[in-house]
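Read the structure below first, then the notes.
Index from 1, following the sequence.
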Amino acid sequence: MGIDVGLRNVAEVRIQGVTLRSTVGGYEIVFGLMVNILADEISSQASQASIIGAQVSVAGREGVPETKLGFARPEGPFDIVTRSHRAKSTPSLHLYLQPAQIAALEALRDRGDLTFRLLLTGTGWEKKQTHRVDDEISHPVSQSDWIKKLREAGARDVMLLEVPLTLRNVSEEWESVAAGLRLAEEQFLNGNYLGCVDTCRTAMQELGSVFFQDKDWADKALAPLASHSDRAKMLKLEREKALFANVRHYTSLAHHGPSEGGELSYARTEAQFLLTLTAAAVARARAV
């Protein structure tokens, strides 16, 4: 389309890149623009436009309605002035988001790509007349590129579920737990929900082995639950241990095939639920 002031096309705008950054308590999406200002060799008076920002919408998986994300604003003046020669500028628009909005984007994306659409808006001047100016531009972001942006922004250090996820500077003893948690999160982002649940089971097993110093910890933790009287006598630590064991027990279905009573199909919400429990269990054990 381009930006028109009156009947004159003054500039062409495209998105040349999308960046996700971490801010205090949230995130910001930066849309890097390329503005080609067209030459005006006829008029003696320059046409001007000032862009105040853009309404940002995003589309995810096919069949899901496009969703408004917010209003992105330029960090500095975003002005266009025509000259007798062509010119270029590279302004940027910034949109600030809360962690919950990033999580909502992930639900919208659901193992697929994202497409951002910007409706630029502002005011133009030509021959002392004022005009409203606007332009619509869009930019696709592939699944792999978006996952890379999440990592670069630190969105995987504190998972979008707001549960501590990535373990840093762990001892050799804890590395198997950390590796399992990292892999489960990667599988979740890639939409491999069966793999995510299966890996959560591995991470829980390793967590119990390290935390309770017993490779058979899970069966022992679940044993008292079979009897009402035994359950009533359980201490706080024993109940916490049983919670960990129940997460491991649930995820075991993903560890086996149908002939062994296993389960091969998991929804995103199930994987999200179990990854949350696993990450929370690891965070709890690390805090003790």
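- Between the CE atom of M204 and the CG atom of L181 there is a distance of 10.5 Å, given to the nearest 0.5 Å.
- Aromatic ring pairs are classed by plane angle as parallel below 30°, tilted from 30° to 60° and perpendicular above 60°; the pair Y193 and F188 is tilted.
- Judged by distance alone, the side chains of D134 and T121 never bring a donor and an acceptor atom under 3.5 Å apart.
- Side-chain atoms of Q205 and S209 form a donor-acceptor pair, as typed in the model, at a separation below 3.5 Å.
- In Q213, the CD atom is crowded: over 12 heavy atoms of neighbouring residues, nucleotides or ligands sit closer than 6.0 Å.
- A salt bridge does not link K149 to E152: none of the charged side-chain nitrogens sits closer than 4.0 Å to a carboxylate oxygen.
- Between Q101 atom CD and E106 atom CD the span is 13.5 Å, to the nearest 0.5 Å.
- For the pair R284 and E240, the salt-bridge criterion is met [side-chain N within less than 4.0 Å of a carboxylate O].
- For the residue pair Q187/T199, the side-chain donor-acceptor check at 3.5 Å is satisfied.
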Between S50 and D79, is the side chain to side chain donor-acceptor pair (under 3.5 Å) condition met? List the steps.
CA-CA 4 Å; S50 180; D79 298 326; 3.0 Å; yes

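- Listed for the E263 side chain is a donor-acceptor partner under 3.5 Å among the backbone atoms of S265.
- The environment of H249 atom NE2 is sparse: at most 12 non-hydrogen atoms of other residues, nucleotides or ligands sit within 6.0 angstrom.
- Using a cut-off of 4.0 Å between Lys/Arg side-chain N and Asp/Glu carboxylate O, E206 and K215 are scored as not salt-bridged.
- Here the CG atom belonging to N190 is positioned 9.0 Å from the CD atom belonging to E185, to the nearest 0.5 angstrom.
- The distance from the OH atom of Y96 to the OG1 atom of T23 is 7.5 Å, given to the nearest 0.5 Å.
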Step by step, would you call E238 with K241 a salt bridge (charged side-chain N to carboxylate O under 4.0 Å, His left out)?
CA-CA 5 Å; E238 292 174 320; K241 189 175 182 180; over 6 Å; no

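- Atom CD1 of residue I29 and atom CG of residue L97 lie 4.5 Å apart, to the nearest 0.5 angstrom.
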